[in-house]
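Values below: all heavy atoms of this structure, side chains included; hydrogens, waters and symmetry mates excluded.
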Amino acid sequence: MLDIKFIRENPELVRQGLINKNSADVVDEILQLDEKRRTLISKSDELKALRNKVSSQIPILKKKGEDTSSIFAEMKKVGDEIAELDKQLKEVEDKLEEILRWTPNLAHSSVPVGKSAEDNVEVRRWIPEGFSFEFDFEVKDHIELGKKLDILDFERGTKISGSGFPLYKGKGATLERALINFMLDYHLQHHGYKEVFPPILVNRESMKGTGQIPKLEEDMYFIEKDGLYPIPTAEVPITNIHRDEILQEKDLTIKYVGYTPCFRREAGSYGKESKGFLRVHQFNKVEMVKFTKPEDSYDELESLVKDAEDILQALKIPYRVILLCTGDLSFSAAKCYDIETWSPAEKKWLEASSCSNFEAFQARRANIRFRREETKKVEYVHTLNGSGLATSRLMVSLLENYQTPEGKIIIPKALHKYTGFEIIG
RNA sequence: GGAGAGGUGGCAGAGUGGUUGAAUGCGGCGGUCUUGAAAACCGUUGUCCGUGUAAUGCGGACCGGGGGUUCGAAUCCCUCCCUCUCCGCCA
């Protein structure tokens with residue numbers, strides 16, 4: 001949610017920001033409603049002040065035994081007027097809130113202006129020593145490898161649940177578990193995060209808090225009977241840990257890391273892109289979430305990206321870091337880096353991580369604040385999150401990059417103590 | 001699933017229609033005392049909105065959410081949500 005005061009004071013800035021984000025210009029509508037809202041509040045408050053003043057006199061008059069019936073009649077009228085004004089006010093506020101809820105965050109000034117993914121900017125790439133984009137044998141894709149080695153079974157996953165629900169088997173299952181444990185441990189030991197293991201079904205308030213609702217409602221599973229949503233990302237429960245709280249300045253930056261499965265309907269996205277692991281309804285992800293002071297959030301974003309990169313460097317998987325342009329930014333994000341790992345079979349970079357600064361956008365929705373020690377004032381925190389990382393896409397790159405000409409998989413050294421084996425096949 | 005209890009300020013916990021934003025205790029902050037600390041004592045202690053910025057200014061709202069009764073609601077009524085206890089079932 002954008003700050004109404006900011007919109008009021010910087011309408012043209014907001015207007016341009018919305019255009020840059022390929023979003024409808026609702027600034028005038030917002031300003032009009034805001035104006036109306038404030039007029040109604042003033043009128044209503046004035047009458048309420050009158051009523052309060054008179055009300056406080058009534059017990060005294062009664063004690064004196066004076067007749068209060070004419071006052072009652074008059075105040076009845078005032079009360080009706082107040083009710084009418086408040087009714088109008090509620091309508092205006094509901095409308096305003098609805099518009100603001102559908103209005104995306106604005107991009108940070110350091111974000112390149114652009115229309116689509118084509119305008120994204122590659123910031124850097126990292127290639128392990130001795131790596132070559134050209135293999136001297138014919139590479140197999142992760143689906144073929146998974147099938148041959150009997151570690152991934154997409155067909156039976158489909159039988160159990162439907163397409164997009166992968167079944168890991170044998171060393172594939174162990175490798176998946178090893179990756180999760182390795183990543184968690186790495187962030188705990190090297191990056192100073194606190195581990196959390198949150199609920200993976202959340203209520204509507206939590207979904208609103210991080211901005212998945214209303215914009216992405218169609219992309220979410222929903223358990224109607226209990227009003228609960230299977231989470232699309234751990235960002236939701238972890239960010240909501242501090243919903244409706246006032247944090248202490250000395251506790252910031254708070255850094256959480258947690259593993260959860262993630263569930264996405266991915267409605268309407270079938271076809272080539274959805275083969276195997278490329279797009280699934282259920283996948284595993286280790287997620288990092290930060291709560292920072294506003295002045296720290298962009299430094300924290302840089303270190304967040306580095307934290308995710310460290311995992312890939314430890315695993316020696318080639319990747320590149322992409323800075324998303326304004327048009328490709330997600331609804332809630334002010335700035336976002338994607339990390340893409342190399343798939344030799346697809347000959348493509350695959351998004352394996354997304355690290356975003358939401359500034360106060362989520363904090364305003366979820367009402368997450370902190371108190372400044374010096375001024376004692378409360379302010380919204382900035383929230384950030386990044387995948388560190390999603391295992392499905394990572395698995396594609398890992399299997400394909402570490403395959404041998406014989407179709408075996410070498411396990412990266414960093415994982416040995418987690419897998420208990422060094423090769424599959 | 002059945003039966004019951006309850007949701008009040010950072011926490012605990014009073015308050016059943018009228019100067020109640022709300023007693024009291026704890027915690028927090030400031031001060032006195034002290035070489036320092038503790039104890040004791042004194043003072044202070046929420047959030048949001050509007051308005052204004054000479055101000056620790058003025059006004060309004062907030063006692064789980066929503067609605068109602070009333071001149072007036074934390075207090076009465078309706079409704080929804082949540083939490084807890086006991087029983088049942090169960091990983």
Cation-pi check, A:Lys255 to A:Tyr193: give yes when NZ or CZ is under 6.0 Å from the six-membered ring centre and within 45° of the ring axis, no otherwise. yes
Between atom CD1 in A:Ile246 and atom P in B:U45, what is the gap in whole Å? 17 Å
Quick one, A:Lys21 and A:Leu329 - any side-chain contact, counting heavy atoms below 4.5 Å? yes
In whole Å, measure the gap between the C1' atoms of B:C78 and B:G25 for me. 36 Å
With side-chain contact (heavy atoms from CB on, under 4.5 Å) as the test, pick out the partner of A:Leu175 among A:Leu152, A:Ile180, A:Leu398. A:Leu398
With rounding to whole Å, what would you report as the distance between B:U83 and B:G28 at their C1' atoms? 27 Å
A:Phe361 ring center within less than 6.0 Å of A:Phe331 ring center: yes
Value in whole Å for how far the P atom of B:C82 lies from CG of A:Asn203: 9 Å
Provide, to the nearest angstrom, the distance between the NZ atom belonging to A:Lys5 and the P atom belonging to B:C48. 9 Å
Nearest-angstrom distance from the residue atom CD1 of A:Ile82 to C1' of B:A73: 14 Å
Select base, sugar-phosphate, or nothing to describe what A:Arg369 touches, counting heavy atoms under 4.0 Å on all strands. sugar-phosphate
Report the distance from atom CD of A:Glu245 to atom P of B:U47, rounded to the nearest whole Å. 16 Å
Given RNA chain B, 5'-ward residue of the pair A:Asp34 and A:Gly79, judged by closest heavy atom: A:Asp34
Describe, in one word, how the ring planes of A:His281 and A:Phe165 are oriented to each other, choosing from parallel (under 30°), tilted (30 to 60°) and perpendicular (over 60°). tilted
Does the protein touch nucleotides 52-68 of chain B at the base, only the backbone, or not at all? Give it as B, S and - per nucleotide, heavy atoms under 4.0 Å. -------BSS-----S-
To the nearest angstrom, the CD-P distance between A:Glu74 and B:G72 comes to 13 Å
Going by salt bridge (Lys or Arg N to Asp or Glu O under 4.0 Å), name the pairs with one or both residues in residues 394-404 of chain A, residues two or more places apart or in two chains. none
Does A:Ser56 or A:Ile71 map to a spot on RNA chain B nearer the 5' end, using the closest nucleotide for each? A:Ser56
Minimum side-chain heavy-atom gap A:Thr383-A:Val289 below 4.5 Å: no
Take atom C1' in B:G64 and the same atom in B:C58, then report the distance between them in whole Å. 31 Å
Distances under 3.5 Å between protein N/O atoms and the N/O atoms of nucleotides 89-91 of chain B, please, pair by pair.
none

Could you write out RNA chain B as a dot-bracket string, with dots for unpaired bases, | for bases paired across to another strand, and Watson-Crick or G-U pairs counted at under 3.5 Å? ((((((((.[[[..)..(.....]]]((((((.......))))))((((((.....)))))).[[[[[..)....]]]]])))))))....
Please work out whether the ring planes of A:Phe154 and A:His142 are parallel, tilted or perpendicular, with thresholds of 30° and 60°. perpendicular
Given B:U70, B:U47, B:C49, the nucleotide with the shortest approach to the side chain of A:Arg371: B:U47
Whole-angstrom distance between B:G1 and B:G65, as gauged at atom P: 26 Å
Taking atom P in both B:G15 and B:G7, what distance in whole Å separates the two? 11 Å
Same-atom distance (P) from B:A23 to B:C63, integer angstrom: 15 Å
Is A:Lys171 positioned over the aromatic face of A:Phe421, cation under 6.0 angstrom from the ring centre and no more than 45 degrees off axis? yes
Distance check needed: B:C29 P versus A:Lys250 NZ, whole Å only. 10 Å
When you measure from the side chain of A:Asn385 to the backbone N and O of A:Glu235, does any donor-acceptor pair fall under 3.5 Å? no
If I pick the C1' atom on B:A74 and the same atom on B:U8, what distance separates them, to the nearest angstrom? 7 Å
Using the C1' atom as the reference point in each nucleotide, state the distance between B:C89 and B:A5 in Å, no decimals. 22 Å
Contacts of A:Leu47 meeting side-chain contact (heavy atoms from CB on, under 4.5 Å) (sequence neighbours excluded), chain-then-number -> A:Val78, A:Glu81, A:Ile82, A:Leu85
For B:U51, does OP1 or OP2 lie under 4.0 Å from any side-chain N or O of A:Arg38? yes
When you get a sec, tell me which of B:C49, B:U47, B:U70 is the closest nucleotide to the side chain of A:Val378? B:U47
Using side-chain contact (heavy atoms from CB on, under 4.5 Å) as the criterion, list what pairs up with A:Lys95, not counting sequence neighbours. A:Leu33
Are A:Asp34 and A:Arg38 close enough for a salt bridge, meaning some N to O gap below 4.0 Å? yes
Does A:Arg8 reach a base, just sugar-phosphate, or nothing at all? Heavy atoms under 4.0 Å. sugar-phosphate
Between A:Leu47 (CG) and B:G50 (P), how many Å, whole number? 18 Å
